[in-house]
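Just so it is clear, the values below take in all heavy atoms, side chains as well, and ignore hydrogens, waters and symmetry mates. So you know, we letter chains A, B, ... as the sequences are listed, proteins then strands, and number each from 1.
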Protein chains: 2
Amino acid sequence: MPTPSRASLAQIIDAGREIVEGSGASGLTMQAVAERVGVRAPSLYKKFADRDELLRAVTGATLEDLSVRLESAGDDIAELARVYRSYAHERPEAFRMMSTVSMPVDALRQPVEPLLRACARVFGEEDALNAARFAVSWVTGFVQMEFAGAFRLGGDVDVAFEYGLRRLGSGLHP
Amino acid sequence: MPTPSRASLAQIIDAGREIVEGSGASGLTMQAVAERVGVRAPSLYKKFADRDELLRAVTGATLEDLSVRLESAGDDIAELARVYRSYAHERPEAFRMMSTVSMPVDALRQPVEPLLRACARVFGEEDALNAARFAVSWVTGFVQMEFAGAFRLGGDVDVAFEYGLRRLGSGLHP
DNA sequence: ACCTGAACACCGTTCAAGT
DNA sequence: ACCTGAACACCGTTCAAGT
């Protein structure tokens with residue numbers, strides 16, 4: 001007779017996200033997820049082809065989370081960058097996975113949407129994509145180097161970020 | 001009686017770099033390195049405390065490599081960025097490790113030196129550090145998103161890079 | 001001094017057998 | 001239908017025993 005699955009997909013993903021926040025991506029093992037969800041590791045293969053698919057699902061949830069955050073950030077490019085960075089500070093491990101786990105294109109479309117809109121408003125449709133790529137490259141790189149400890153040798157990092165935001169502004173406004 | 005070690009530190013690191021280029025960081029196992037160097041895995045622990053230390057050594061070699069490249073790139077910020085990106089394209093896996101493996105501060109000092117000099121020349125000592133961080137954040141983020149496949153949804157990536165370089169220029173020149 | 005086999009704990013993954 | 005124990009291949013790491 002049909003048996004309902006003991007752990008829903010959403011439950012598994014949530015468990016995964018909690019583990020990531022606590023022990024990083026390397027702590028996200030099939031066994032750890034299974035245990036937290038009250039099941040044995042092999043059962044997870046009913047929902048995910050392999051660990052990589054689970055990583056993608058967890059990262060996908062992070063991207064959706066971030067999207068919501070950015071949506072409610074308004075139309076200002078600088079403000080979007082600040083919200084992006086503060087999200088990264090809030091969930092450093094999840095943030096890392098965004099650039100570590102290779103995601104399908106569709107998952108990346110949504111979170112860039114707000115920035116794309118902001119850029120289109122300021123520069124017109126034509127330059128929007130290039131401008132958005134410029135901005136997103138800078139902010140992503142900044143946070144990543146910050147996390148990598150590359151900004152440890154002097155100067156205030158928050159000041160450097162605001163400096164960058166100003167430069168971004170004058171870089172984008174012709 | 002004293003026995004000379006069968007695999008030098010340099011040989012091990014070189015073996016590691018070759019493996020990385022072929023199979024990525026995840027392929028850089030103690031066993032794979034040991035085999036390529038003609039020794040058993042436990043022997044490697046004579047030279048490295050653990051796998052992480054080996055990863056750092058390999059990444060350190062990459063950073064030195066990159067430094068040499070950048071040194072011979074001249075004093076132009078845009079040119080430095082181009083050289084940086086082309087190095088990343090040449091050794092994508094090694095490049096990934098630069099932001100994945102957590103490195104000691106000292107290892108990061110050398111490769112930024114040329115950019116720092118270029119920025120000091122253009123903006124003076126005072127703004128050099130902030131300007132360098134702005135530039136390095138952008139170019140690092142750009143290449144990383146390029147590798148992550150974030151730039152797959154339209155537009156030419158090379159064009160976007162040159163666009164970014166122009167924006168970087170007008171962003172940095174007040 | 002350096003190297004090794006054997007062992008341990010821990011992975012991901014498969015699959016036949018259970019309900 | 002879903003779940004599981006057992007098994008396999010593969011890790012990192014330790015250590016006593018070999019030369």
Partner set under side-chain hydrogen bond (donor to acceptor under 3.5 Å, both in side chains) for B/Glu79, not counting sequence neighbours: B/Arg82
Under 3.5 Å, sequence neighbours excluded: what are the donor-acceptor pairs made by side chains of residues 14-24 of chain A?
from	atom 1	to	atom 2	distance (Å)
A/Arg17	NH2	A/Asp65	OD2	3.2
A/Glu18	OE1	A/Arg36	NH1	2.4
A/Ser23	OG	A/Ile19	O	3.4

Residues that A/Ala25 engages under side-chain contact (heavy atoms from CB on, under 4.5 Å), provided they are two or more places apart: A/Met97
Results of side-chain contact (heavy atoms from CB on, under 4.5 Å) for A/Pro104 - residues two or more places apart only: A/Arg56, A/Ala107
With sequence neighbours excluded, residues passing side-chain contact (heavy atoms from CB on, under 4.5 Å) with B/Val68: none
Residue list, side-chain hydrogen bond (donor to acceptor under 3.5 Å, both in side chains) with B/Glu53, at least two apart or on another chain: none
Residues from residues 7-35 of chain B lying under 4.0 Å of DNA chain D - heavy atoms: B/Thr29, B/Met30, B/Gln31
Contacts of A/Arg152 that satisfy side-chain hydrogen bond (donor to acceptor under 3.5 Å, both in side chains) - sequence neighbours left out: none
Ranges pairing with ranges for DNA chain D, where each run has three or more Watson-Crick or G-U pairs under 3.5 Å: C:4-8 with D:12-16, C:12-16 with D:4-8
Show which side-chain atoms of residues 113-126 of chain B pair as donor or acceptor with protein atoms under 3.5 Å away, not counting sequence neighbours.
from	atom 1	to	atom 2	distance (Å)
B/Arg117	NH2	B/Glu71	OE1	3.0
B/Arg121	NE	B/Asp75	OD2	2.8
B/Arg121	NH2	B/Asp75	O	2.8

Residues in contact with DNA chain D, drawn from residues 39-49 of chain B - heavy-atom cutoff 4.0 Å: B/Pro42, B/Tyr45
Shortest side-chain distance from A/Arg51, nucleotide among C/dG12, D/dT13, C/dA1: C/dG12
Residues in side-chain contact (heavy atoms from CB on, under 4.5 Å) contact with A/Ser43, at least two apart in sequence or another chain: A/Val39
Separation of D/dT19 C1' from B/Arg6 CZ (nearest whole Å): 11 Å
A/Arg167 side chain vs B/Ala135 backbone, donor-acceptor pair below 3.5 Å: no
